[in-house]
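Here's the structure, in structure tokens; my notes come after.
Residues: numbered from 1 along the sequence shown.
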Amino acid sequence: QVQLVESGGGLVQAGGSLRLSCAASGLPFRSYSMGWFRQAPGKEREFVAAISWIGGSTDAANSVKGRFTISRDNAKNTLYLQMNSLKPEDTAVYYCAASIKPVPPRAGSGYNYWGQGTQVTVSS
């Protein structure tokens with residue numbers, strides 16, 4: 001059974017930092033591209049960042065470029081999202097997802113497995 005479990009969310013002031021983690025089990029982690037998505041109240045889910053299964057290629061939404069960094073540790077079956085210079089508009093539930101595609105897609109439909117999400121709240 002595939003499980004993706006996010007952690008590291010919480011309440012932080014604007015300008016602060018958080019690091020999200022996503023622990024994967026039940027799948028060959030190193031063979032999956034991984035992505036982070038978020039969904040704010042009343043809004044659609046949106047792409048945040050992704051990393052290829054090889055680990056050398058990353059992609060990020062314009063809204064987070066220069067502030068968020070995605071990385072992975074294949075030895076620990078764990079995906080990370082380092083979030084710096086957080087803004088109130090970053091407030092959302094953050095989800096990690098796994099895709100069998102070698103080039104991680106930006107569309108959520110391209111992902112095979114999803115975690116339950118972790119809440120990130122940025123106060124002004």
Side-chain angles (χ1 to χ4, degrees):
Q1 181 182 358
V2 175
Q3 281 193 316
L4 302 176
V5 180
E6 301 94 337
S7 62
L11 173 64
V12 64
Q13 287 189 331
S17 299
L18 283 174
R19 188 176 82 154
L20 304 184
S21 298
C22 172
S25 60
L27 79 171
F29 182 74
R30 63 180 67 245
S31 297
Y32 278 75
S33 293
M34 300 296 295
W36 286 100
F37 291 77
R38 67 187 181 186
Q39 187 166 21
K43 295 187 177 181
E44 293 188 352
R45 182 179 61 195
E46 65 173 353
F47 168 79
V48 175
I51 186 166
S52 68
W53 62 272
I54 297 177
S57 176
T58 62
D59 184 22
N62 288 338
S63 59
V64 306
K65 276 183 180 177
R67 300 189 298 124
F68 291 11
T69 302
I70 188 171
S71 63
R72 66 190 295 164
D73 186 335
N74 287 340
K76 294 183 178 180
N77 288 359
T78 302
L79 175 73
Y80 302 101
L81 185 68
Q82 178 66 45
M83 305 187 295
N84 299 328
S85 302
L86 283 160
K87 304 175 182 180
E89 50 264 45
D90 294 319
T91 294
V93 177
Y94 283 71
Y95 300 90
C96 70
S99 172
I100 196 64
K101 300 179 185 294
V103 177
R106 288 194 168 201
S109 59
Y111 289 79
N112 305 93
Y113 303 103
W114 291 83
Q116 293 300 306
T118 185
Q119 176 71 47
V120 172
T121 302
V122 184
S123 62
S124 58

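In terms of hydrophobic clustering, with Ile, Leu, Val, Met, Phe, Trp and Tyr side chains grouped at heavy-atom distances under 4.5 Å, Val64 and Val12 are assigned to a common cluster. Follow the hydrophobic side-chain contacts under 4.5 Å out from Val48 and you never reach Val103; the two are in separate clusters.
Nearest heavy atoms, Ala24 versus Leu4: CB-CD2, 3.5 Å. Between Leu81 and Ala49, the shortest heavy-atom contact is CD1-CB, 4.3 Å. In terms of heavy-atom proximity, Trp114 sits nearest to Gly108 at CZ2-O, 3.4 Å. Nearest approach of Ser124 to Pro88, heavy atoms of both residues: CB-CG, 3.8 Å. Scanning all heavy atoms of the two residues, the minimum distance from Lys43 to Gln39 falls at O-NE2, 3.1 Å. Nearest heavy atoms, Cys22 versus Met34: SG-CE, 4.4 Å.
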Show your working on side-chain contact (heavy atoms from CB on, under 4.5 Å) between Leu20 and Met83 and close with a plain yes or no.
CA-CA 8 Å; Leu20 304 184; Met83 305 187 295; 3.7 Å; yes

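A 4.5 Å side-chain heavy-atom check between Asp90 and Arg38 finds at least one atom pair inside the cut-off. In this structure, Trp36 and Leu79 have side chains that are in contact, with non-hydrogen atoms separated by less than 4.5 Å. Counting heavy atoms from C-beta outward, Leu27 and Asn112 have side chains that stay 4.5 Å or more apart.
Proximity of a side-chain donor or acceptor of Arg72 to a complementary backbone N or O of Phe29 within less than 3.5 Å is detected. Checked by atom type and distance alone, the side chain of Arg67 never pairs as donor or acceptor with a backbone atom of Gln82 at under 3.5 Å. Counting only distance, with no hydrogens or angles, the side chain of Ser99 and the backbone of Ser33 share no donor-acceptor pair below 3.5 Å. At least one donor-acceptor pair closer than 3.5 Å links the side chain of Thr91 to the backbone N or O of Val122.
With sequence neighbours excluded, the residues forming a side-chain hydrogen bond (donor to acceptor under 3.5 Å, both in side chains) with Gln119 are Thr121, listed by chain and number. For Thr78, the side chain to side chain contact (heavy atoms under 4.5 Å, CB included) test picks out Ser21, Lys76, Tyr80, with sequence neighbours left out.
When each of Phe37, Phe47, Tyr32 is paired with Tyr111, the ring-ring contact (aromatic ring centres under 6.0 Å, His included) condition holds for Phe37 and for no other.
In this structure, CG in Asn74 is found 5.0 Å from CZ in Arg30, a value given to the nearest 0.5 Å.
Ring orientation note: the planes of Tyr94 and Phe68 are tilted relative to one another, at an angle of 30° to 60°.
When the shell of 6.0 Å around CD of Gln116 is examined, it contains 12 or fewer heavy atoms from other residues, nucleotides or ligands.
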